[in-house]
Amino acid sequence: MACKLFIILPCYNEEEVLRSSAEKVLGVLDSLLSDTSDPLSPESRILFVDDGSADATWDIISSLHKENPLFTGLKLAKNYGHQTAIFAGMERALKAGADCMVTIDADLQQDIAALPEFLEKYRAGADIVYGIRDSRDTDSFFKKTTATLYYKLMKALGVRIVPQSADYRLMSARAVRALSEYKEHNLFIRGLVPDIGFKSDSVYFHVRKREAGTSKYTLRKMLALALDGITSFSIQPLRLVFMFGIISFIVSLIMMALTIVDHIRGVTVPGWSTLTISIWLLGGVQLLSLGILGEYIGRTYMESKRRPRYFVSSDLGEE
Ligand code: UDP
Ligand code: MG
């Protein structure tokens with residue numbers, strides 16, 4: 001039976017690139033639909049997920065849908081962030097009965113021409129096909145270093161994550177069903193997907209510069225994503241707090257011995273530096289530890305509310 005593919009593009013204020021991206025994706029889908037050896041199902045779609053854009057993004061998506069029924073759209077009730085937008089798109093595709101789906105950024109910085117390769121690997125039996133960037137030469141120095149350090153940190157913390165894998169990925173329907181079983185509110189898809197298991201494969205692709213518009217990932221959004229990744233997959237930072245505790249305890253024993261010796265020798269007045277340093281150091285370590293604890297407690301609190309992940313305000317596929 002012909003495979004029904006959904007190509008999912010999360011869009012947040014992407015009016016500048018949307019039309020040109022749509023055209024390129026359509027080109028790829030069209031050629032896959034008219035493939036002579038193994039064409040895709042004609043029910044395959046290009047699904048735009050409007051993540052609460054404030055510009056003309058949704059109007060563009062609606063008119064694309066009118067021009068060509070291969071385009072469809074889902075509008076979320078507000079801006080939930082990239083991860084949730086991708087997830088909403090995947091759940092929508094699942095509802096539409098897709099056999100497999102590929103997620104790719106709306107700015108097409110990730111090379112859409114690699115899509116047939118993903119499909120090949122899926123047809124060869126992979127449930128998850130990771131897109132792995134071949135280099136980071138289009139990234140700024142800052143993004144390159146922070147991203148590389150972040151992947152190293154995640155590895156050190158024992159988080160299983162595919163290095164340099166972006167959210168350009170193919171997943172089969174059953175892999176997405178498995179992903180939906182993860183009930184956490186804070187989605188860090190990159191970390192969840194390897195946790196699912198199933199047979200996986202990867203495709204290397206080249207990252208391009210953004211053609212129009214600006215990055216929608218502000219530093220703040222990037223930091224939030226990084227923190228989500230760490231806290232939802234590792235409790236090593238909590239263990240670190242325990243280590244701080246042990247170390248300070250050992251140091252305090254040494255200090256106690258030294259103080260007693262000083263007392264016996266009668267040199268109790270000097271020692272102002274030692275005292276000041278200890279106060280600041282211990283105070284710092286305590287506040288830092290409290291902060292780490294607080295981060296986890298806060299997240300536990302937020303997750304305990306079991307709030308809905310997202311709401312849909314319009315769905316072009318349901319008309
Ligand atoms: N995006 C989203 N919601 C957000 C931020 C970004 O859906 O709150 C989408 C955005 O439209 C794009 C993708 O996520 O399709 C990646 O964002 P962007 O290209 O701005 O990030 P960068 O490539 O600079 O990391
Ligand atoms: Mg981008």
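Computed from a prediction, not measured in an experiment: that's the story for all the values here. Counting starts at 1 for both ligands and their atoms, following the listed order.
- The Mg ion (ligand 2) has an N, O or S atom of Gln109 under 2.8 Å away, backbone or side chain.
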Exercise. Given the rule in the side chain to side chain donor-acceptor pair (under 3.5 Å) test, do His206 and Asp134 qualify, once you have shown the distances and angles that lead to the verdict?
Worked result: CA-CA 6 Å; His206 194 67; Asp134 58 4; 2.9 Å; yes
Exercise. Stepwise, does the side chain to side chain donor-acceptor pair (under 3.5 Å) test hold for Asp195 with Tyr182?
Worked result: CA-CA 10 Å; Asp195 195 65; Tyr182 288 78; 2.7 Å; yes
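- No side-chain N or O of Ser180 forms a donor-acceptor pair with one of Arg309 less than 3.5 Å apart.
- A distance limit of 4.0 angstrom between heavy atoms and ligand 1 selects the residues Pro10, Cys11, Tyr12, Glu14, Asp51, Asn79, Gly81, His82, Ala85, Asp105, Ala106, Asp107, Gln109, Lys143, Arg210, Ser215, Lys216, Tyr217, Lys221.
- At distances below 3.5 Å, not a single donor-acceptor pair connects side-chain atoms of Glu117 with backbone N or O atoms of Val203.
- Annotation: Lys152, atom NZ; neighbour count of heavy atoms from other residues, nucleotides and ligands within 6.0 Å does not exceed 12.
- Heavy atoms from other residues, nucleotides or ligands lying under 6.0 Å from NZ of Lys305 number more than 12.
- Nearest to the Mg ion (ligand 2), among the N, O or S atoms that Asp107 has, is OD2.
- Side-chain contact between Leu225 and Phe188 is present, with heavy atoms from C-beta onward closer than 4.5 Å.
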